[in-house]
Amino acid sequence: MLRKKKEFKPDRTDSGTLSKLYITKKQRLALLKWFLFGLCLLILSLVQDVVMSRVSIFGSTTDLVCGGIFLICLLISVDDCAVFGLIASVVYYFAGFSPGVHCILLLTGLGVMINIFRHSYLRKGLFSIVLCAGLALMLYELAIFFLALFLQQTGFQRLGISLLRGVLTMAVLPFLYPIFVSISKIGGETWKE
């Protein structure tokens with residue numbers, strides 16, 4: 001039998017599997033778009049927690065994060081809306097800003113339903129998107145209020161404060177709309193109306 005001569009083998013010179021990872025320009029733009037959406041929601045949550053928590057108009061303030069989530073849900077496709085709504089509402093809940101775990105189901109469900117309604121019956125524009133986001137926001141505030149009323153965490157006299165929170169947030173939505181529309185156009189339109 002012939003023995004093989006064992007020699008020292010040098011290390012491989014290629015850089016490994018990360019050098020084979022290739023991200024196309026379209027994928028990079030999509031990652032940038034989702035990063036900017038997340039950054040905007042983070043900024044909205046900071047503004048809500050630091051600034052708007054100190055401002056009280058008739059005992060109520062805005063709910064900027066929920067308004068931002070509904071605006072983003074209306075600007076993207078229904079498939080992306082379901083995934084984004086679920087991830088954003090879970091992050092919103094675990095960040096400690098939400099009124100309870102039920103906000104995950106409400107934000108995701110209302111975002112998808114209002115997105116389907118807007119894509120089915122309305123054209124894409126400032127008025128229709130702000131109107132649909134405002135409607136979803138009011139439904140969300142009413143659902144949160146009646147759930148808290150059912151759980152005996154609040155009284156019926158606070159219904160006006162919940163409605164005022166929705167109205168104050170609806171007043172901010174037209175100012176957030178241009179920011180979110182410009183971010184949603186990164187990477188091209190997914191479909192044309």
Side-chain angles (χ1 to χ4, degrees), residues 37-38 40-76 78 81-122 124-181:
F37 276 147
C40 284
L41 287 179
L42 178 65
I43 291 171
L44 285 178
S45 67
L46 289 174
V47 168
Q48 177 68 40
D49 196 37
V50 174
V51 178
M52 298 308 292
S53 64
R54 297 175 189 263
V55 176
S56 176
I57 301 172
F58 299 114
S60 184
T61 186
T62 59
D63 199 357
L64 296 176
V65 179
C66 293
I69 289 172
F70 286 133
L71 270 179
I72 293 171
C73 282
L74 287 166
L75 291 171
I76 57 181
V78 179
C81 171
V83 175
F84 171 78
L86 182 63
I87 293 171
S89 60
V90 167
V91 170
Y92 176 62
Y93 171 69
F94 282 116
F97 304 118
S98 72
V101 71
H102 44 274
C103 75
I104 297 172
L105 178 65
L106 287 172
L107 285 172
T108 305
L110 284 172
V112 170
M113 285 190 295
I114 207 73
N115 189 332
I116 292 171
F117 173 76
R118 208 250 347 132
H119 278 88
S120 299
Y121 297 108
L122 301 173
K124 188 176 184 180
L126 170 68
F127 181 72
S128 66
I129 290 178
V130 169
L131 178 74
C132 288
L135 176 67
L137 196 57
M138 292 303 285
L139 289 173
Y140 172 77
E141 293 295 338
L142 286 173
I144 292 291
F145 173 76
F146 283 115
L147 190 61
L149 189 67
F150 176 74
L151 296 173
Q152 297 178 351
Q153 295 173 345
T154 188
F156 200 75
Q157 67 274 11
R158 297 195 42 97
L159 176 63
I161 294 173
S162 293
L163 292 175
L164 183 60
R165 182 181 302 122
V167 170
L168 289 174
T169 308
M170 283 174 55
V172 176
L173 292 180
F175 300 106
L176 297 176
Y177 176 78
I179 298 167
F180 288 132
V181 166

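On a predicted model such as this, the values are computed, not experimentally measured, just so you know. Position 1 is the first residue of the sequence; numbering continues from there.
Side chains of L163 and L142 form a contact here, defined as non-hydrogen atoms less than 4.5 Å apart. A heavy-atom distance below 4.5 Å is found between the side chains of L75 and K124. Counting heavy atoms from C-beta outward, I161 and F145 have side chains that stay 4.5 Å or more apart.
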Counting only pairs under 3.5 Å, give me each side-chain donor-acceptor contact of residues 65-73, with atom names and distances, residues two or more places apart or in other chains.
none

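Contact detail for A133 and L74: the closest heavy-atom pair is N-CD1, 3.3 Å. Shown here for A171 and P174, the closest heavy-atom pair between the two residues is O-CD, 3.6 Å. Pairing each heavy atom of G134 with each of M170, the nearest pair is CA-CG, 3.5 Å. Across E141 and S162, no two heavy atoms sit closer than the pair CB-O, 3.8 Å. Between N115 and I76 the shortest heavy-atom distance is ND2-O, 3.1 Å.
Atom OH of Y93 sits about 9.5 Å away from atom NE2 of H102, to the nearest 0.5 Å. Note: L164 CG to R158 CZ = 11.0 Å, rounded to the nearest 0.5 Å. In this structure, the separation between CG on L173 and CD1 on I129 is 11.0 Å, given to the nearest 0.5 Å. Here Y92 contributes atom OH and L41 contributes atom CG; the two are 11.0 Å apart, rounded to the nearest 0.5 Å. Here the CG atom belonging to L139 is positioned 12.0 Å from the CD1 atom belonging to I144, to the nearest 0.5 angstrom. In this structure, the separation between CE on M113 and SG on C81 is 10.5 Å, given to the nearest 0.5 Å.
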Evaluate L137 against R165 for side-chain contact (heavy atoms from CB on, under 4.5 Å), listing each step before the verdict. CA-CA 9 Å; L137 196 57; R165 182 181 302 122; over 6 Å; no
Apply side-chain contact (heavy atoms from CB on, under 4.5 Å) to T61 and Q48, showing your working. CA-CA 9 Å; T61 186; Q48 177 68 40; 3.9 Å; yes
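Tested against L44 for a side chain to side chain contact (heavy atoms under 4.5 Å, CB included), the candidates D63, T62, L176, V172 yield a single pass: L176.
For CZ of F94, the number of neighbouring non-hydrogen atoms (other residues, nucleotides, ligands) closer than 6.0 Å is 12 at most.
Within the 3.5 Å criterion, the main-chain N or O of G85 finds a donor-acceptor partner in the side chain of T108.
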